[in-house]
*Asks:* 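Structure incoming, see below.
Just the heavy atoms: all of them, side chains too, but no hydrogens, waters or symmetry mates, feed the values below. What you are looking at is a predicted structure, and each value in this text was computed from that prediction instead of being measured.
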Amino acid sequence: MPPLISLRPGNKAYVTSHSNPSAPPSPWLPGNPRWDQPPSKSNTFNFAAIQPVWTTCVPPPQGETLGMRFLTLLAAVLLLPFLGSAEEKPNILWIFVDDMSDWMGCYGHDEVDTPNIDALAEAGIRFDRAYMPSPVCSTTRSAIITGTMQTTHGLHRHRTMLKKPLPEGVYAVPTLFKGAGFLTFNESKEDYNFVYERKDLFSSDFERPGYGGHLKGRDVSFLEQLQGQPFFGQIQLSGGKFEGETGSKYPMPSRVDEASVHVPAHYPDTPVIRNAIARHYEQVVETDEQVGAIVAGLKEYGLWDNTIVFFFTDHGAPLPRAKQFLYEDGTKVPLIVRFPPSIEGAPEAGTVREDLVNGIDITATTVALGGLEIPASFEGHDLFAADYQPQEFVISARDRCGIAVDRIRAVGTERFRYIRNYLTDRAFYQAQYRDKHASIIELRRTYADGEMTPLQASYMSAEIRPEEELYDLEKDPDQLNNLAKDPEYASILKQHRQMLEEWIEETGDQGQEMDSPEELKAVYDYAKGKVESPEYDFLREGNE
């Protein structure tokens with residue numbers, strides 16, 4: 001039997017011999033990543049072997065001569081015919097949803113039925129503690145497509161006006177897959193905070209269906225063109241933007257009884273807020289039905305049995321304290337990874353993982369499952385690596401969102417959530433594009449009419465915005481009781497503060513610097529001067 005490539009510690013692949021299992025491994029050094037198993041009529045894959053291979057020439061290991069290296073390379077070349085063709089690579093599909101929380105049956109919510117997402121979880125691995133690097137669209141998507149925190153390379157401003165190309169050595173995931181021979185596509189929405197050419201990311205021979213933003217309805221006939229070639233692709237679903245963002249209009253229909261929904265104490269309990277919460281459940285149902293259509297399409301066109309499916313959202317629901325903010329509501333998302341039965345050694349179907357996950361881990365995991373080398377620029381982790389270690393904490397970050405200038409950082413650990421507010425001279429709910437949403441109008445009305453509790457009112461005024469927040473998620477899942485000034489939690493507060501400070505220093509968090517005057521002017525001009533943050537004062541004064 002020809003040798004196979006099997007995983008060894010350190011995320012490198014080695015050639016090992018079945019005829020002599022005790023023989024020491026020899027390094028595998030071909031120039032292109034490949035599947036690491038012999039041809040098989042059953043089209044069965046070895047999950048343990050789906051790991052990145054060395055793709056660059058390196059100095060011989062200690063004790064190995066150049067002659068030995070030559071013989072190794074020669075053996076590798078002779079083995080190429082046995083390692084499988086391009087068609088044997090798996091397909092990888094991201095079902096990438098906008099603005100949606102994990103309000104689904106498989107995550108313990110029984111308000112609506114979500115049979116298709118639940119079935120995906122039953123057939124795959126469900127992650128219960130997945131957090132996005134940002135609570136808003138463009139910054140999260142920029143992070144995930146590059147495998148880096150958005151704060152590392154200046155991609156952290158939602159609605160970046162003066163975009164730049166990615167720095168040298170930083171890669172968009174589709175570019176890596178395209179270079180490895182995969183067809184790559186994104187059928188609609190992208191929204192990245194950097195300059196790029198679509199042809200560098202996505203295959204020109206994929207015909208986009210032209211939805212103009214997200215998948216519309218149930219038509220997934222465009223999947224037919226994916227037959228016969230390995231692909232890495234994305235399908236975008238509207239999620240919490242279906243027929244308008246959650247809470248943007250009132251009233252909106254929902255199959256959920258508004259009287260039965262849970263209204264967290266940080267919102268006033270009014271018909272408008274109840275309608276918004278009920279409406280999000282309706283949007284979850286729409287998403288579930290679209291997921292069902294995608295799965296049916298993959299099966300119809302013969303793609304299901306060779307496709308790894310990732311299902312996740314870019315952040316939480318567009319409710320006022322969720323989207324754009326760093327509480328659990330805004331950053332915790334559903335994440336499901338489904339492996340086809342053809343991949344041997346994959347985690348058992350129905351597995352539930354409760355370890356902490358950052359959205360950029362999706363990127364590293366995807367690249368590893370595609371058999372590609374994980375670039376040095378990636379900051380995430382391969383969640384299925386043999387040497388994977390659970391993460392102690394995950395970071396989320398929020399900076400300028402549209403016209404609203406702010407800087408917030410959060411540290412999530414197993415039990416606690418720590419939030420640092422750097423700009424406490426402004427209200428939590430600043431002026432923004434959502435000011436015309438029914439939910440925000442309702443908040444401003446109840447505040448003006450004195451109908452809010454002290455907690456609810458605290459989000460409306462800069463006078464009492466705290467610099468630090470600390471929540472015990474076990475005792476306080478809605479994050480209502482700030483423990484930052486509680487002496488009993490002083491050591492925990494200090495520990496989380498130190499985690500954040502060390503992360504900022506180690507990563508060079510670019511959010512430490514304010515937007516440039518040129519960037520602020522571009523935002524100011526785009527908004528026609530209708531901005532409130534004091535950072536724009538130099539423009540207002542100059543125009544008087």
*Asks:* Report the residue from D191, V333, T140 that forms a side chain to side chain contact (heavy atoms under 4.5 Å, CB included) with D314.
*Replies:*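 Single side chain to side chain contact (heavy atoms under 4.5 Å, CB included) partner of D314 among D191, V333, T140: T140.
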*Asks:* With side chain to side chain donor-acceptor pair (under 3.5 Å) as the test, pick out the partner of Y131 among E328, K332, R417.
*Replies:* E328
*Asks:* What do you reckon, is CD of Q227 surrounded by more than 12 foreign heavy atoms closer than 6.0 Å?
*Replies:* yes
*Asks:* Answer yes or no: is there a donor N or O on one side and an acceptor on the other, between the side chain of Q234 and the main chain of E187, under 3.5 Å?
*Replies:*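 No.
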*Asks:* Between F339 and F384, does the ring centroid distance fall short of 6.0 Å?
*Replies:*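 Yes, ring centres under 6.0 Å apart.
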*Asks:* Output the distance between atom CG (D406) and atom OH (Y422), rounded to the nearest 0.5 Å.
*Replies:* 12.0 Å
*Asks:* Sort out for me which residue in T184, T307, I92 forms a side chain to side chain contact (heavy atoms under 4.5 Å, CB included) with F231.
*Replies:*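 Only one option passes, and that is T307.
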*Asks:* Using the rule side chain to side chain contact (heavy atoms under 4.5 Å, CB included), only one of I144, I336, V357 pairs with F312; which is it?
*Replies:*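 Among I144, I336, V357, the one that satisfies the side chain to side chain contact (heavy atoms under 4.5 Å, CB included) with F312 is I144.
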*Asks:* Would you call E286 and K241 a salt bridge, using N to O less than 4.0 angstrom?
*Replies:* no
*Asks:* Are W94 and F232, when compared by the centres of their aromatic rings, separated by less than 6.0 Å?
*Replies:* yes
*Asks:* If the plane angle is over 60° it's perpendicular, under 30° parallel, otherwise tilted; pick one for Y192 and F194.
*Replies:*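 Taking F194 first and then Y192, their aromatic rings lie parallel (interplane angle under 30°).
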*Asks:* Decide yes or no on side chain to side chain donor-acceptor pair (under 3.5 Å) for D305 and S342, but give the supporting numbers first.
*Replies:* CA-CA 7 Å; D305 291 338; S342 57; over 6 Å; no
*Asks:* Rounded to the nearest 0.5 Å, how far does CD of E379 lie from OG1 of T363?
*Replies:* 10.5 Å
*Asks:* Can you find a pair of side-chain heavy atoms, one from S533 and one from I403, that are under 4.5 Å apart?
*Replies:*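 No, too far: nothing below the 4.5 Å cut-off.
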*Asks:* Scan H158, E519, H156 and name whichever one has a side chain to side chain contact (heavy atoms under 4.5 Å, CB included) with R400.
*Replies:*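 Exactly one pass, corresponding to E519.
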*Asks:* Parallel under 30°, tilted from 30 to 60°, perpendicular over 60°: which one fits the rings of F222 and F185?
*Replies:* perpendicular
*Asks:* Is there a side-chain contact between D128 and R353 in this structure, where contact means two heavy atoms from C-beta onward sitting under 4.5 Å apart?
*Replies:* no
*Asks:* So is R129 actually on top of F127's ring, under 6.0 Å and inside 45° of the axis?
*Replies:*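 No cation-pi geometry.
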*Asks:* May I ask you to establish whether R409 and W503 are in a cation-pi arrangement, using a distance under 6.0 Å from NZ or CZ to the six-membered ring centre and at most 45° from the ring axis?
*Replies:*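 R409 over W503 ring: no.
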*Asks:* What is the distance from atom CG of D102 to atom CZ of R126, rounded to the nearest 0.5 Å?
*Replies:* 9.5 Å
*Asks:* Does NZ belonging to K216 count more than 12 external heavy atoms closer than 6.0 Å?
*Replies:* yes
*Asks:* Quick check: does any side chain N or O of D288 sit under 3.5 Å from a backbone N or O of N116, one acting as donor and the other as acceptor?
*Replies:*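 Side chain of D288 to backbone of N116, a donor-acceptor pair under 3.5 Å: yes, one is there.
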*Asks:* Nearest 0.5 Å please: distance from the CZ atom of R434 over to the CD atom of Q432.
*Replies:* 4.5 Å
*Asks:* Take atom OH in Y526; do more than 12 heavy atoms of anything else shown fall under 6.0 Å from it?
*Replies:* no
*Asks:* Sequence neighbours excluded, which residues qualify as salt bridge (charged side-chain N to carboxylate O under 4.0 Å, His left out) partners of D361?
*Replies:*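 Listed in chain order: nothing, the list is empty.
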*Asks:* Does CD belonging to E354 count more than 12 external heavy atoms closer than 6.0 Å?
*Replies:*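 No, CD of E354 has 12 or fewer neighbouring heavy atoms, counting only those of other groups under 6.0 Å.
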*Asks:* Is any NZ, NE, NH1 or NH2 atom of the basic residue among K178 and E197 found under 4.0 Å from an Asp or Glu carboxylate oxygen of the other?
*Replies:* no
*Asks:* Any non-hydrogen side-chain atom of I308 less than 4.5 Å from a side-chain atom of R338?
*Replies:*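 No, every pair of side-chain atoms sits at 4.5 Å or beyond.
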*Asks:* Mind checking the CG-CD spacing from L183 to Q229? Nearest 0.5 Å is all I need.
*Replies:*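 Between atom CG of L183 and atom CD of Q229 there are 4.5 Å.
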*Asks:* Output the distance between atom CZ (R141) and atom CG (L155), rounded to the nearest 0.5 Å.
*Replies:*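 Here the interatomic distance stands at 14.5 Å.
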*Asks:* Would a 4.5 Å heavy-atom cut-off, applied to side chains only, mark R407 and D509 as touching?
*Replies:*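 A side-chain contact exists here, since the closest heavy-atom pair is under 4.5 Å.
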